[in-house]
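These notes concern the structure reproduced below.
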Amino acid sequence: MATESSESEEEGKIRGGNDKLTVDDDLREMGKNAAWSVSSCKPGNGVNTLRDDNLETYWQSDGLQPHLINIQFQKKVRLQLVALYVDFKLDESYTPSKISVRAGDGFHNLKEVKSVELVKPSGWVCISLSGTDPRETFVNTFMLQIAMLSNHLNGRDTHIRQIKVYGPRPNPIPRQPFQFTSTEFITYSTLR
């Protein structure tokens, strides 16, 4: 998994953040395969700023909470990690404090997968989508929704600077339980 943000003893609270996003090699970024939409935005701070790999730009919501970011995939995907870049030092009351991550087939059947409380985050905050059961390491879904339920200092609008969504890398050889890396093993890995 990715380098976790420092978690407090209370379940679901995340403090701080990381300046650099570090993700294991067995995960890949899945956001480029999705259609992204938001519930609202200020002019010039739209959904495209969430994916432009620039930490100076940000999406800014406009209107009443909750503020929603919808990530829809054409086919069912396995997702394991959501990484958000937020900065309390720069954004203050625009920084989210309570976030809900929901998954489902579409808008009609979204269920909450994870709920976290951020305490003055600054940097990359990683939210694992794995369940309480050790066998549940990912979420199998068509749609992911990230809901900003409240902000620090009772702020109204939200700033999110970047979002990355990660899932497990597929096995390069179908129906092969092992992941061989050398060409010799791959050549002789199946029987005729």
Side-chain angles (χ1 to χ4, degrees), residues 1-5 11-12 14 21-41 45-53 57-86 96-118 121 124-150 158-177 179:
M1 182 123 73
T3 306
E4 290 286 332
S5 305
E11 185 63 31
I14 299 176
L21 179 62
T22 310
V23 179
D24 288 345
D25 289 336
D26 61 342
L27 296 177
R28 66 178 174 152
E29 214 281 320
M30 304 286 288
K32 61 185 173 287
N33 301 328
W36 291 69
S37 63
V38 292
S39 56
S40 64
C41 66
N45 297 95
V47 69
N48 57 333
T49 57
L50 289 171
R51 305 284 305 155
D52 63 1
D53 290 324
T57 61
Y58 52 83
W59 163 67
Q60 180 175 340
S61 62
D62 186 18
L64 299 174
Q65 290 173 335
H67 305 298
L68 307 174
I69 299 170
N70 303 306
I71 309 164
Q72 294 175 289
F73 297 90
Q74 286 186 336
K75 59 182 183 176
K76 202 170 243 189
V77 294
R78 293 159 57 161
L79 300 176
Q80 193 169 344
L81 181 77
V82 174
L84 298 105
Y85 192 92
V86 288
S97 62
K98 187 162 182 153
I99 294 177
S100 170
V101 180
R102 305 162 183 166
D105 293 336
F107 289 101
H108 61 283
N109 69 347
L110 291 170
K111 290 190 174 88
E112 187 173 272
V113 176
K114 206 57 111 162
S115 178
V116 293
E117 192 172 327
L118 305 178
W124 286 101
V125 175
C126 295
I127 303 170
S128 172
L129 299 179
S130 60
T132 54
D133 186 347
R135 295 173 292 184
E136 295 176 4
T137 58
F138 58 84
V139 173
N140 214 9
T141 187
F142 278 104
M143 180 176 179
L144 199 69
Q145 184 179 75
I146 302 168
M148 276 50 72
L149 304 176
S150 65
T158 298
H159 284 185
I160 303 284
R161 294 183 175 268
Q162 289 293 301
I163 295 182
K164 304 281 183 190
V165 182
Y166 292 93
R169 287 192 187 280
N171 192 347
I173 304 168
R175 296 180 304 281
Q176 176 66 37
Q179 293 190 8

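- Taking CG from Leu81 and CG from Leu129, the interatomic distance works out to 7.0 Å, rounded to the nearest 0.5 Å.
- The line from CZ of Arg161 to OG1 of Thr57 is 8.0 Å long, rounded to the nearest 0.5 Å.
- Ring planes of Tyr58 and His159: parallel class, angle under 30° (limits at 30 and 60°).
- Side-chain N/O atoms of Asn33 and Gln74 include no donor and acceptor closer than 3.5 Å.
- Counting all heavy atoms, side chain and backbone alike, Leu50 lies closest to Gln162 at O-OE1, 3.3 Å.
- Note that OH of Tyr166 is 12.5 Å distant from CG of Leu79, once rounded to the nearest 0.5 Å.
- Smallest separation of non-hydrogen atoms from Lys114 and Ser130: NZ-O, 3.3 Å.
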**Q.** Asp24/Arg169 under salt bridge (charged side-chain N to carboxylate O under 4.0 Å, His left out): CA gap, chis, key distance, verdict
**A.** CA-CA 10 Å; Asp24 288 345; Arg169 287 192 187 280; over 6 Å; no
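- The minimum heavy-atom distance between Ser39 and Pro66, with the atom names listed, is OG-O, 4.4 Å.
- Proximity of a side-chain donor or acceptor of Ser61 to a complementary backbone N or O of Cys41 within less than 3.5 Å is not detected.
- The distance from the CD1 atom of Ile99 to the CG atom of Leu118 is 4.5 Å, given to the nearest 0.5 Å.
- Note that the CD atom of Gln145 and the OG atom of Ser100 stand 8.0 Å from one another [nearest 0.5 Å].
- A salt bridge links Asp53 with Lys164: the distance from a Lys NZ or Arg NE/NH1/NH2 to an Asp or Glu carboxylate oxygen falls below 4.0 Å.
- No more than 12 heavy-atom neighbours from other residues, nucleotides or ligands sit within 6.0 angstrom of NZ on Lys111.
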